Amino acid sequence: MGVELENGQAQFQDMEGVNFTDDQLVDFIRGFLTSVSLGNTDGYHQLVGVIHHRDRLSADEVALLVTCLKALSGAVSCIDVVLHESLLAAIFKMSLWDYGPNVMDALIELITSLAVSSGKYVDSCLDMLVTNFMPPHSYKDFLKKPHGLTRKDEVLSRVHTALKDISDLVPLAPLRLELIVVHKMQRVFFKESLTTIYVENMLRLEKGAMSEFVGRKILTALVDKLLDLDVEIGWDDILQDDFSKGIFEIELEDDNESTDDIDEDSSELPRELSRKSLGGNVIAETLDSLIVLTFEHLESCERDGRLNEVFDILLLSFQRTVLTAYKSKFAQFVIFYACALDPEVCGARFAVTLADMFVSCNGLPLTRMSAISYLASYLSRGKFLSTSLVTTILKRLVDWCLEYGKTHDVDLNPKAHKIFYSGCQAIMYVLCFRMRSILEIPRLKSQLLLMPIGRILTHRLSPLKVCLPSIVEEFLRQAKVANLFTPSETFIFNGLLESEYSKTFGGIERLDMFFPYDPCLLKRCDRYLRPYFVYWSMVRPTYDEEEEEDEGSSDEDVAEVFPDKIEENLMDDEAMARSYDDREFDLDEFDNALDKMLVLVAVSIEYSKSFVHF
């Protein structure tokens, strides 16, 4: 072969300046590898030195490195995990980020060859590739420059191609890969910029060719990690309770807070729950970036027609971890955003699932109360949810509370009947946000007025005395104007946020005070959520009607918050017109008369029921 290996040894410098064929190069490297078992290690150590070289390489040194890597790819059968431990260690410690395209290609070829040659190297090869998801820490500023972004694309495109090739050739590789990705994720959450790149690559795997093998595990692990970061941000860091304020008074505009894309309606933020208190919080900033990445991934899934598939995973993950987490603050907005992207399927399914969990007698009390807290907040804040769906879910909650009251004809007891009280509070809370939009649609207005809400709220369990005073006060104010319900006794709350009774039924978890979809305090996340979110300042309560009638019609304002209202109303009107288009009378006059008649009948029925005891 033109090269003599005297006594099993060869000088590594002999390779310089000599033109070898590919086969000759492979034989040359094989000689170095096999000589180790004979005790001749000079050539082998020089080979390791070339691979392990960490200083800046000259053009000749780069060429030599490429030559060695390519030759090793053809000699992997001669590599022994014990005899050549130092060589393998040097190879697996190489970072693609430190080299140009030629070295990258040669290294990727070697890693792929090693993985395919023996099952002993699969984990190490996959681990090395996953490690290259993230650049060295010194690259943080470099990645902000165009050249850095180019390097990032060069590295990551090769990494993912190699992972796909190995998975195609080694059947068990996808299973090993998902375990490595999840395990390594637990150790990389330190620097925001580097963490973000790691999650980008996780999501790239989830939507790539290996999605069916690794997608479920990766998405679940990501949600779990978001929740871990979430709970690291304590409520004490961002909450300053002022119990002299009600739930709706707390949600005020955040003074002196401005962003480039905030309009006049979107500047509303809780004063006591302020973004300012999260400023400079590294964990909060990291979480913000990761949730935004997840939002963008969901958008990509929606465009590709696979959002429902991903939603299945998110829903199971939500039920398993997020739902029962103690007052999760941000992680829950991932599934909220998925619902916003597909209201008719994902949005409705989430609402129905939460309602199912609440009414199920097999669920744990804490789980059922968490579910109703999420449901009430979701129905109130989801701008994308149809008024029809909200009304349907409300009726289901009212029916459950009614049946509960029939079987529990006892006096007030916040601790023993906390599930009932949580249901009553949810009904009132949702109506504080949605009452007027429901009343604007004749068909839904009739359904609402026929619901036995009065019978529930006047039950001996006295939910009006137990639920949060601020919610009860706002509800009663709107219900009175709407002729929905007026209590026989007078309640004086003095603007209190909570009471001793509400503390009792809320338990140590204070689920009476848990509104998981209150405005998001993470700045970048909030920008994505705003188009789909209802802020309290956007709500037009029923007691504003008289003032608005003086100023003009309010249909346009209500439609901006709940767009489906006008559409549903038009559908009702068109259906009515088609039924009577041959009659010789004024259709508008008939519609108005019929609407008034239905309301009078409903009010009469509800009024009579209020005198009937359970």
Side-chain angles (χ1 to χ4, degrees), residues 3 10-33 43-79 84 86-117 121 124-136 138-139 142-143 145-166 168-169 197 201 204:
V3 177
Q11 295 299 316
F12 205 79
Q13 289 80 3
D14 290 346
M15 293 181 63
E16 300 178 6
V18 180
N19 293 323
F20 291 108
T21 65
D22 291 343
D23 290 340
Q24 288 174 329
L25 285 171
V26 171
D27 288 341
F28 195 84
I29 295 299
R30 281 176 178 166
F32 290 147
L33 297 174
Y44 169 76
H45 288 313
Q46 291 182 57
L47 175 62
V48 173
V50 171
I51 302 298
H52 194 265
H53 193 77
R54 291 292 179 264
D55 297 331
R56 187 176 182 86
L57 301 178
S58 65
D60 290 342
E61 289 171 328
V62 169
L64 180 59
L65 177 58
V66 170
T67 299
C68 292
L69 291 173
K70 287 184 175 181
L72 281 168
S73 297
V76 290
S77 60
C78 297
I79 298 177
H84 307 121
S86 58
L87 174 64
L88 290 169
I91 293 171
F92 292 136
K93 287 180 181 179
M94 293 182 72
S95 173
L96 292 166
W97 297 84
D98 293 334
Y99 301 101
N102 291 336
V103 176
M104 285 191 236
D105 290 337
L107 180 56
I108 288 293
E109 181 184 355
L110 174 56
I111 293 297
T112 304
S113 298
L114 278 169
V116 174
S117 69
Y121 303 126
S124 296
C125 292
L126 294 175
D127 187 85
M128 181 268 188
L129 291 170
V130 172
T131 298
N132 276 276
F133 278 179
M134 295 194 307
S138 59
Y139 275 62
F142 177 67
L143 291 176
K145 302 175 182 178
H147 185 59
L149 294 176
T150 300
R151 175 63 60 83
K152 175 183 174 183
D153 182 66
E154 291 175 344
V155 171
L156 297 181
S157 61
R158 287 171 169 81
V159 167
H160 285 274
T161 298
L163 290 173
K164 175 65 169 59
D165 290 344
I166 293 172
D168 288 342
L169 297 170
I197 295 177
N201 284 279
R204 186 168 176 173

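Starting from 1, each residue takes its place in the sequence as its number. Everything numeric here is computed off the predicted structure, so don't read it as measured data.
Scored by the side-chain hydrogen bond (donor to acceptor under 3.5 Å, both in side chains) test, N201 finds H160 as partners (sequence neighbours excluded). Scored by the salt bridge (Lys or Arg N to Asp or Glu O under 4.0 Å) test, E154 finds R151 as partners (sequence neighbours excluded). Not counting sequence neighbours, the partners of D127 by the salt bridge (Lys or Arg N to Asp or Glu O under 4.0 Å) test are K184. Scanning for side-chain hydrogen bond (donor to acceptor under 3.5 Å, both in side chains) contacts around S86 gives Y44, with sequence neighbours left out. Qualifying salt bridge (Lys or Arg N to Asp or Glu O under 4.0 Å) partners for K152, counting only residues two or more places apart in sequence or in other chains: E200. Taking H52 as the reference, nothing meets the side-chain hydrogen bond (donor to acceptor under 3.5 Å, both in side chains) condition, with sequence neighbours excluded. Legend: residues meeting ring-ring contact (aromatic ring centres under 6.0 Å, His included) with F92, ordered by chain and number and at least two apart, are absent. The side chain to side chain contact (heavy atoms under 4.5 Å, CB included) check on S117 picks up V76, Y121, with sequence neighbours excluded. Among residues two or more places apart in sequence or in another chain, the salt bridge (Lys or Arg N to Asp or Glu O under 4.0 Å) test is passed with D168 by K164. S58 meets the side-chain hydrogen bond (donor to acceptor under 3.5 Å, both in side chains) test with E61; sequence neighbours excluded.
Side chains of L149 and D153 form no contact here, defined as non-hydrogen atoms less than 4.5 Å apart. Side chains of L88 and S124 form no contact here, defined as non-hydrogen atoms less than 4.5 Å apart. L107 is listed as a side-chain neighbour of M128, based on a closest heavy-atom distance under 4.5 Å. Looking at M104 and N132, their side chains never come closer than 4.5 Å, going by heavy atoms from C-beta outward.
Distance CG/L163 to CZ/R204: 10.0 Å, rounded to 0.5 Å. Separation of atoms CD1 (I111) and OG (S73) is listed at 9.0 Å; rounding is to 0.5 Å. To the nearest 0.5 angstrom, I197 atom CD1 is 12.0 Å from F133 atom CZ. Taking SG from C68 and CZ from F28, the interatomic distance works out to 9.0 Å, rounded to the nearest 0.5 Å. L129 CG to L96 CG: the interatomic distance, rounded to the nearest 0.5 Å, is 7.5 Å.
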- Item | side chain to side chain contact (heavy atoms under 4.5 Å, CB included) between L57 and V103, worked out | CA-CA 11 Å; L57 301 178; V103 176; 5.6 Å; no
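R30 places a side-chain N or O within 3.5 Å of a backbone atom of G74 that can act as its donor or acceptor partner.
Listed by first and then second residue, the side-chain hydrogen bond (donor to acceptor under 3.5 Å, both in side chains) pairs that reach into residues 90-106 are D98-Y139, D105-R158, sequence neighbours excluded.
Pairing each heavy atom of K70 with each of A106, the nearest pair is CG-CB, 4.0 Å.
Among T67, L25, L33, the one residue that satisfies the side-chain contact (heavy atoms from CB on, under 4.5 Å) test with L72 is L33. Under the side-chain contact (heavy atoms from CB on, under 4.5 Å) rule, L69 has a single partner from I29, I51, I108, which is I51.
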